[in-house]
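Structure first, commentary second.
Source: prediction; values computed, not measured. Atoms within a ligand are numbered from 1 in the order they appear, just like the ligands themselves.
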Amino acid sequence: MGSFVQQPTGIFPSVCSLDCPDQCGLLVHKKDGKIVKIQGDPDHPVTKGHICNKVRNITERIYDLKRLKYPMKRVGAKGEGKFTRISWDEALETIAAKWKELIETYGPESILPYSFYGNMGRLSAEGMDRRFFHRLGASLLDRTICSSAGSQGLQYTMGGGFGIDPEETIHAKLVIFWGINAVSTNMHQVILAQKARKNGAKIVVIDVHKNQTGQLADWFIPILPGTDAALALGMMHILFAENMVDDDFLRKYTVGYEELCEHVVQYDPIMVSKITGVPVEDIYKLARWYGQTTPSFIRIGNGLQHHDNGGMCIRTIACLPALTGQWLVKGGGAIKSNSGYLALNQMSLQRPDLLQNKHTRIINMNRLGEALLELDPPIRSLFVYGTNPAVVAPNSNKVRQGLAREDLFVIVHDLFMTETAKYADIVLPATSSFENTDLYTSYWHHYVQIQQPVIERYGESKSNVEVFQLLAKRMGFEDPCLYETEEEMISQALDHPTNPFLEGIRYETLVEKQYIKAKVKRLLPGTLPTPSGKMELYSKKMEQDGYPPLPTYTPIVDDGDFPFFFVPGPNHNFLNTTFSNNEKHISLEKEQRLYMNVKDALAKGIKDGDRVRVWNDRGECVLKASVGEHVLPGVVVTQGLWADSPGTNHLVNSLTPDRIADMGGGATFFSGRVDVEKC
Ligand SMILES: Nc1nc2c(c(=O)[nH]1)N[C@H]1C(S)=C(S)[C@@H](COP(=O)(O)OP(=O)(O)OC[C@H]3O[C@@H](n4cnc5c(=O)[nH]c(N)nc54)[C@H](O)[C@@H]3O)O[C@H]1N2
Ligand SMILES: Nc1nc2c(c(=O)[nH]1)N[C@H]1C(S)=C(S)[C@@H](COP(=O)(O)OP(=O)(O)OC[C@H]3O[C@@H](n4cnc5c(=O)[nH]c(N)nc54)[C@H](O)[C@@H]3O)O[C@H]1N2
Ligand code: SF4
Ligand SMILES: [Mo]
């Protein structure tokens, strides 16, 4: 254990472990061995001491009496939540014995790990777990629930997650927040945009919902769900028609200039207006602002890619800065993801070489319900960690039906008795990130950070790294890499000969400095990791993969005969389901609302504050109507992934489709349709 743990009182450096682009530097205040306060680290170069309310209140979660203290086994029915205490020894022995039997009878692919980034620490989220399951030979999980459609779209266009340094965005004169609720989900980008605004920048927000981010905009543009690619193509039409493109840049740095110019003629603003719901004159105004302002910066959000056409949509918007040559301007360009710059040595960290069967089946995490109910040969055991699929996965009634399968042996490792854990046979208590050593790399800013243990482990809880080491031992695995220390794993992950940006960043220097900025050079077009090395407005690779090679608008899939688009996104005071079970955060969030347009409410006889039933052929939930002008007619929006609680029914994912997006196996949470009626 690190030295911080042994000091009962003091202030210690830390980093936020949550799945949030900001990855704030923190200071942990300890008294008598316990955390008494969490503060933003004022010296952190990007987050500068500001943190969100969620994490300012995280001690409520760390010391919540509901936190799991010891391993348990199920004594009630699946989903009922009745458990009894067992020892770690019994828990590990039960799992190992069952798995040995399953492997003997059905082979290792009968076991499926199911995880996501509840803790962004690289060792916790994709380190020892990966090594262990590769060695075991378990089925592989395709982790597609968050950003994979857009990542694939960016891959085709730019060669990966390579946006601009967000610290530069204070120089922008136009900031477009496009499909991102940044006030809630990327607060430091908002702070930077506000700085730019003080220097004369305008802030535009394009969203289906006038939420807190829309409300701070100089200009809010409401748009119909899943139509943003059409808007971007309409902008391109005008940029070319009115000669607002950077000819020099396009010739030198892109592939497909002429093809695109011809292609966008068809997206005339009148047609685009019909598709998007954005008035024709606004499409012109937006294109002209964009074409005539430099530097212009687009923050591309996650909302866009949670649609059937999400990959192509992100690709299309990512082409815009190339048309006006913004990638060469300080403060100009775009960010969807910057994860490409801080890529670790995954070969060393995850050891895919340990997987012997190179044809091991891969299961898309967005299809969990189907995988558990219909896959042949069946999944017979599921190990869930760092995620809460009974609430966050699409089509959740189906997911829960799958989890309830009597013959499915389920293990859940978490800090709390989550909705998913209630279906487990064995529940294992997890440490919080403040109790572990781990390595953190932001997918927005360019800093690498370290967490050293600050407090003792809570109860008998164990970290992900420890759990997989203990299981490896029980399974009789002898590979030395399964027993390496956190320090060793961090050193291996950072030692990446093909990523020059990580040069000079080592475990020891991180311990000394806490955060280090990667030596990122902006990837100039011509050196991009695309097939041509240039920005690919026209992509041959896409053509080979069966996509239109040029940016294209495709409508979202027909989701049945229900009158409203249903957009259930995240909320301000939870992080996915994290905090949705902590009283403090629930009280901040108050209640779950359904935003609907006055016109629709009137037609349905619904008044502001009414309880409404939201339903389709997948499920239903009951929410409180918030009637106004925050959404366009034909669209309803709700926020937050709320924990189950007695007397309520707000499982929004019971309504969402588990269709797969156009690219990357992505989720389509926001492409569903529903009906709404007064309760
Ligand atoms: N407070 C808080 N912060 C979070 C999270 C959280 O749950 N709470 N979750 C974290 C995670 S895992 C992620 S991935 C990010 C996600 O954060 P964001 O990138 O902000 O993504 P979302 O909130 O999913 O959606 C962003 C916006 O897209 C809008 N939207 C939906 N469909 C469309 C559309 O078709 N067109 C347009 N223009 N807009 C659309 C929604 O109304 C929403 O305002 O936030 C992270 N940070
Ligand atoms: N309707 C709808 N559904 C969505 C979304 C949406 O916008 N709308 N967003 C989607 C997106 S973008 C995402 S990323 C997913 C996110 O969904 P999840 O990845 O499931 O995120 P959380 O709900 O926060 O669950 C994380 C869990 O990990 C646990 N945990 C934290 N740290 C550790 C640790 O160190 N070890 C272990 N073993 N457990 C730990 C937490 O206690 C928590 O229970 O949800 C998706 N679902
Ligand atoms: S959740 Fe995001 S904004 Fe809040 S402290 Fe963590 S990194 Fe910062
Ligand atoms: Mo996410």
ask   = What is the nearest protein non-hydrogen atom to atom 4 (Fe) of ligand 3, stated with its residue, atom name and distance?
value = Cys52 SG, 2.3 Å
task = Ignoring hydrogens, just give me the one of Glu435, Met417, His413, Gln639 whose non-hydrogen atom is nearest atom 38 (N) of ligand 2.
result = His413
ask   = Evaluating non-hydrogen atoms only, which member of Val467, Val392, Leu651, Asp414 is closest to atom 45 (O) of ligand 2?
value = Val392
request  = Measure from atom 26 (C) of ligand 2 to every heavy atom in Ser147, Ser580, Gly303, Gly386 and give the option owning the shortest one.
outcome  = Gly386
ask   = For ligand 1, is there an N or O atom under 3.5 Å from any N or O atom of Asn573?
value = no
ask   = Looking at ligand 1, does any of its N/O atoms fall within less than 3.5 Å of an N/O of Thr227?
value = no
inquiry  = Tell me the nearest of Cys20, Gly25, Ser17 to atom 2 (Fe) of ligand 3, using heavy-atom distances.
reply    = Cys20
query = Counting heavy atoms only, which part of Gln23 comes closer than 4.0 Å to ligand 3: side chain, backbone, both or neither?
reply = backbone
query = Is the distance between atom 8 (Fe) of ligand 3 and the nearest N/O/S atom of Cys16 smaller than 2.8 Å?
reply = no
note = A student checking ligand 1 against Leu304 at a 4.0 Å heavy-atom cut-off should list atoms 36 (N), 37 (C), 38 (N)
note = Check: of Cys146, Ser432, Gly118, min heavy-atom distance to atom 12 (S) of ligand 2 comes from Cys146
task = Could you see which bit of Leu641 sits under 4.0 Å from ligand 2, with heavy atoms only: side chain, backbone, both or neither?
result = side chain
query = What about Phe574: any of its N or O atoms under 3.5 Å from an N or O on ligand 1?
reply = yes
message = Check this for me - ligand 1, Ile206, N or O atoms closer than 3.5 angstrom, yes or no?
response = yes
message = Just to check, does Phe670 reach to within less than 4.0 Å of ligand 2 when the distance is taken from its heavy atoms?
response = yes
From Asn181, Leu415, Ile145 - option closest to atom 30 (N) of ligand 2 by heavy atom = Leu415
task = Would you tell me which option among Ile180, Asp207, Asn571 has the nearest heavy-atom contact to atom 43 (C) of ligand 1?
result = Asp207
